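Shown next, in structure tokens, is the structure this report addresses.
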Amino acid sequence: MLEIKNLQVKLEEEDKQILKGVDLTVEAGKVHAIMGPNGSGKSTLSYVLSGRDGYEVTDGTATLAGEDILDMEPEERAAAGLFLAFQYPVEIPGVGNMTFMRTAVNSQRKARGQEEMSSTDFLKLVREKAKELKIDADMLKRPVNVGFSGGEKKRNEILQMAMLEPKMCILDETDSGLDVDAMRLVADGVNALRDEGRGFLVITHYQRLLDHIQPDVVHIMSNGRIIKTGGPELALEVEKNGYEHLKEEVA
């Protein structure tokens, strides 16, 4: 599904190397988690994959379902099936949530050569998805994320994910700033989208999210590289002992 080989990336403005040779394969139907200390490169990886400006790929490749995504524009990556849930979802005053989602859905359908979804069909589908995710119908009528709590913003992104049906979902510290109840609702939404044709890359600092989104594989990232890979027990080890002993182990 997602295959990353020797990915090396630097910040354009500072000429500073952030990713120093990342190798990672996320298979369809699997959930991979990346954990690591601040500054290890976790969020940079998500930004580079989604096409954010300000980063220069100096070496390596990243493909999604066999397609090279690094030369694509962000909207082309989205049409190819990549979705990024942000750590801090932005507010878009003046743009209705429903209008935003319908425009996004139909833009992707058009890019894939599919017919646009009618207003009636879209309304029916978005209401079904919102109900499944326990999203109040009032949220659909408001401007995108304006006045939303942290939990509402994250659930709104999960709703966008459910509507767009991507092949590869990247969650960048989606548990950031959430209380336990909000995190559980977000995790339930993610789990509802797990299927054999979709991969997940969950970036997090904490084991607590992985209590609710059970990963198949856990990677530990440090200093721009993945230094260790294992099963869910690896996240428990980090929770108990921290990252320093793992750094020493691979030094």
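Every value quoted in this text rests on a predicted model; they were computed, and no experiment measured them. When reading the values below, keep in mind they use all heavy atoms of this one structure, side chains included, and skip hydrogens, waters and symmetry mates. Numbering of residues begins at 1 and proceeds along the displayed sequence.
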Query raised in the report: Stepwise, does the side chain to side chain contact (heavy atoms under 4.5 Å, CB included) test hold for T25 with I4?
Result: CA-CA 6 Å; T25 300; I4 301 167; over 6 Å; no

Query raised in the report: Could you walk me through whether E152 and M139 pass the side chain to side chain contact (heavy atoms under 4.5 Å, CB included) check?
Result: CA-CA 8 Å; E152 286 176 330; M139 280 177 61; 3.9 Å; yes

Report task. Take R198 and E165 through the test side chain to side chain contact (heavy atoms under 4.5 Å, CB included) and record every step on the way to the result. Result -> CA-CA 9 Å; R198 182 173 294 123; E165 297 186 329; 3.7 Å; yes

Query raised in the report: Given E173 and Y88, is the side chain to side chain contact (heavy atoms under 4.5 Å, CB included) satisfied, shown in steps?
Result: CA-CA 9 Å; E173 298 191 30; Y88 302 110; over 6 Å; no

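In terms of modelled atom types and a separation under 3.5 Å, the side chain of N145 and the main chain of F148 share no donor-acceptor contact. Proximity of a side-chain donor or acceptor of K42 to a complementary backbone N or O of G36 within less than 3.5 Å is detected. For the pair D59 (side chain) and N6 (backbone), a donor-acceptor distance under 3.5 Å is absent. The backbone N or O of E115 sits less than 3.5 Å from a side-chain atom of R109, completing a donor-acceptor pair. R112 places a side-chain N or O within 3.5 Å of a backbone atom of A79 that can act as its donor or acceptor partner. In this structure, the side chain of E237 does not engage the main chain of L234 through any donor-acceptor pair within 3.5 Å. In terms of modelled atom types and a separation under 3.5 Å, the side chain of R225 and the main chain of L19 share no donor-acceptor contact. In terms of modelled atom types and a separation under 3.5 Å, the side chain of S40 and the main chain of N223 share no donor-acceptor contact.
In the hydrophobic clustering of ILVMFWY residues, with side-chain heavy atoms under 4.5 Å counting as a link, I158 and V126 come out together. A continuous path of Ile, Leu, Val, Met, Phe, Trp and Tyr side chains, each step under 4.5 Å between heavy atoms, connects V95 with M98, placing both in one hydrophobic cluster. There is no path of hydrophobic side-chain contacts, each under 4.5 Å, that joins I203 to V218. Tracing side-chain contacts under 4.5 Å through hydrophobic residues (I, L, V, M, F, W, Y), one reaches V26 starting from V22; they form part of the same cluster. L24 and M35 fall into different hydrophobic clusters, where Ile, Leu, Val, Met, Phe, Trp and Tyr residues are linked whenever their side-chain heavy atoms come under 4.5 Å apart, directly or through other members.
Under the 4.5 Å side-chain criterion, counting only non-hydrogen atoms from C-beta, F200 is in contact with M161. Between L171 and V190 the shortest side-chain heavy-atom distance falls below 4.5 Å. Looking at heavy atoms from C-beta onward, I220 lies out of side-chain contact with I226 at the 4.5 angstrom threshold. Within the 4.5 Å cutoff, the side chain of T229 has heavy atoms near those of the V217 side chain. In this structure, P215 and H32 have side chains that are not in contact, with every pair of non-hydrogen atoms separated by 4.5 Å or more. Proximity of H219 to K228: side-chain heavy atoms (C-beta onward) are nowhere separated by under 4.5 Å. In this structure the side chain of I213 reaches within 4.5 angstrom of the side chain of V31, judged on heavy atoms. Between V202 and L209, some side-chain heavy-atom pair lies under the 4.5 Å cut-off.
For the residue pair L64 and M168, the shortest heavy atom distance occurs at CD1-CB, 3.6 Å. Between I227 and S222, the shortest heavy-atom distance links the atoms CD1-CB, 3.8 Å. The minimum heavy-atom distance between P166 and G81, with the atom names listed, is CB-O, 3.3 Å. Nearest heavy-atom pair across M221 and P37 is O-CD, 3.4 Å. Taking all atoms of both residues into account, the shortest heavy-atom contact from H212 to A187 is CB-CB, 3.4 Å. Residues L210 and A235 come closest through the heavy atom pair CD1-CB, 3.7 Å.
Sequence neighbours left out, not one pair with a member in residues 66-81 passes side-chain hydrogen bond (donor to acceptor under 3.5 Å, both in side chains). Pairs engaging residues 79-95 under the salt bridge (charged side-chain N to carboxylate O under 4.0 Å, His left out) rule: E91-K153 [sequence neighbours left out]. Applying the salt bridge (charged side-chain N to carboxylate O under 4.0 Å, His left out) test to pairs two or more places apart or on separate chains, those with a residue in residues 10-35 are K10-D15, K10-E56.
Taking CG of D211 as the start and CE of M183 as the end, the distance is 7.5 Å to the nearest 0.5 Å. With rounding to the nearest 0.5 angstrom, the CG atom of N191 is 12.0 Å from the CZ atom of R184. Taken from CG in L125 to CG in L123, the straight-line distance is 10.0 Å, to the nearest 0.5 Å.
Salt bridge status for E3 with K5: present, with a side-chain N to carboxylate O gap under 4.0 Å. A salt bridge between D216 and R194 is present, with a side-chain N of the basic residue lying under 4.0 Å from a carboxylate O of the acidic one. No salt bridge links K141 with D138; every basic N to acidic carboxylate O contact stays at or beyond 4.0 Å.
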Please tabulate, one pair per line, all N/O donor-acceptor pairs under 3.5 Å involving side-chain atoms of residues 44-55, not counting sequence neighbours.
{"from": "S46", "atom 1": "OG", "to": "S43", "atom 2": "O", "distance (Å)": "2.7"}
{"from": "S50", "atom 1": "OG", "to": "S46", "atom 2": "O", "distance (Å)": "3.2"}
{"from": "S50", "atom 1": "OG", "to": "Y47", "atom 2": "O", "distance (Å)": "3.0"}

Indicate every side-chain donor-acceptor pair of residues 99-106 with a distance under 3.5 Å to a residue at least two apart or in another chain.
{"from": "R102", "atom 1": "NH1", "to": "S119", "atom 2": "OG", "distance (Å)": "2.9"}
{"from": "R102", "atom 1": "NH2", "to": "M117", "atom 2": "O", "distance (Å)": "3.2"}
{"from": "R102", "atom 1": "NH2", "to": "S119", "atom 2": "OG", "distance (Å)": "3.4"}
{"from": "T103", "atom 1": "OG1", "to": "T99", "atom 2": "O", "distance (Å)": "2.8"}
{"from": "N106", "atom 1": "OD1", "to": "M117", "atom 2": "N", "distance (Å)": "2.6"}
{"from": "N106", "atom 1": "ND2", "to": "M117", "atom 2": "O", "distance (Å)": "3.3"}

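Applying the 6.0 Å contact sphere to CZ of F83 captures more than 12 heavy atoms from other residues, nucleotides or ligands.
By the salt bridge (charged side-chain N to carboxylate O under 4.0 Å, His left out) test, E116 is found to be paired with no residue, residues two or more places apart in sequence or in another chain being considered.
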